Amino acid sequence: MPIIECMSYHPIQFSGGVPHYQDVVNSLTARKRPERPKIPVLARVEWDTDGEQWCHGHALRLDPGIAIFIELSDPRCRFTGVWLSFDDVIWPGKP
């Protein structure tokens, strides 16, 4: 199972008061890096139940050559974001 870096816990409650989180299948493990200015991105997220979806988010951290930490405002995400491969993220001006 992929490891997701916990930045902070989403306190979202769903009907009946029980959260319904999903694992992000394509998440990566990366070293903790300093936060950078937010860059709006489109990220390919593979949810364990809902499958592949392109989600809007913000790139916050970078582990060069390994992964980008994407902040997601999605109630399915247990944490504030996930580390994803550069191939799974699109940003303005990306070559």
Side-chain angles (χ1 to χ4, degrees):
M1 175 184 292
I3 298 171
I4 302 172
E5 178 180 334
C6 176
M7 300 305 292
S8 68
Y9 196 73
H10 273 296
I12 297 171
Q13 294 297 315
F14 296 85
S15 61
V18 179
H20 178 71
Y21 299 119
Q22 294 184 42
D23 288 331
V24 177
V25 179
N26 63 323
S27 67
L28 299 174
T29 301
R31 294 174 292 179
K32 188 168 182 170
R33 296 293 188 172
E35 194 166 307
R36 303 168 66 111
K38 288 184 178 185
I39 299 171
V41 298
L42 195 58
R44 186 180 74 83
V45 177
E46 290 183 44
W47 301 104
D48 68 345
T49 302
D50 294 342
E52 179 182 309
Q53 292 182 334
W54 285 89
C55 302
H56 292 278
H58 292 94
L60 288 181
R61 301 176 193 281
L62 174 68
D63 196 352
I66 298 173
I68 303 173
F69 184 80
I70 307 300
E71 177 185 63
L72 293 175
S73 296
D74 191 299
R76 294 171 292 182
C77 191
R78 179 179 303 273
F79 308 107
T80 58
V82 294
W83 286 98
L84 295 174
S85 163
F86 289 88
D87 294 335
D88 290 335
V89 183
I90 299 172
W91 60 85
K94 180 180 180 181

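Source: prediction; values computed, not measured.
- Taking both residues in full, the closest heavy atoms of V82 and L72 are given as CG2-CD1, 4.2 Å, listed atom of the first, atom of the second, then distance.
- For the residue pair W47 and Q53, the shortest heavy atom distance occurs at NE1-OE1, 3.2 Å.
- Rounding to the nearest 0.5 angstrom, the gap separating the OG atom in S85 from the CD1 atom in I68 is 8.0 Å.
- Transitive grouping of hydrophobic side chains (ILVMFWY, heavy atoms separated by less than 4.5 Å) brings F86 and V24 into a common cluster.
- Closest of all the heavy-atom pairs between P92 and P40 is CD-O, 3.4 Å.
- Of the candidates L60, D88, V89, I70 forms a side chain to side chain contact (heavy atoms under 4.5 Å, CB included) with just one, namely V89.
- Of the residues listed (D48, D50, T49), the one engaging R76 in a side chain to side chain donor-acceptor pair (under 3.5 Å) is D50, and it is the only one.
- Scanning all heavy atoms of the two residues, the minimum distance from L84 to S27 falls at CD2-CA, 4.2 Å.
- Annotation for N26 and E46: closest pair OD1-N, 2.9 Å, computed over non-hydrogen atoms.
- In this structure, NE2 in H56 is found 11.5 Å from OG in S73, a value given to the nearest 0.5 Å.
- The cluster map of Ile, Leu, Val, Met, Phe, Trp and Tyr, joined by side-chain heavy atoms under 4.5 Å apart, puts V45 and L42 in different clusters.
- Note that CG of L62 is 13.0 Å distant from CD of E35, once rounded to the nearest 0.5 Å.
- In terms of heavy-atom proximity, W83 sits nearest to R61 at CH2-CB, 3.6 Å.
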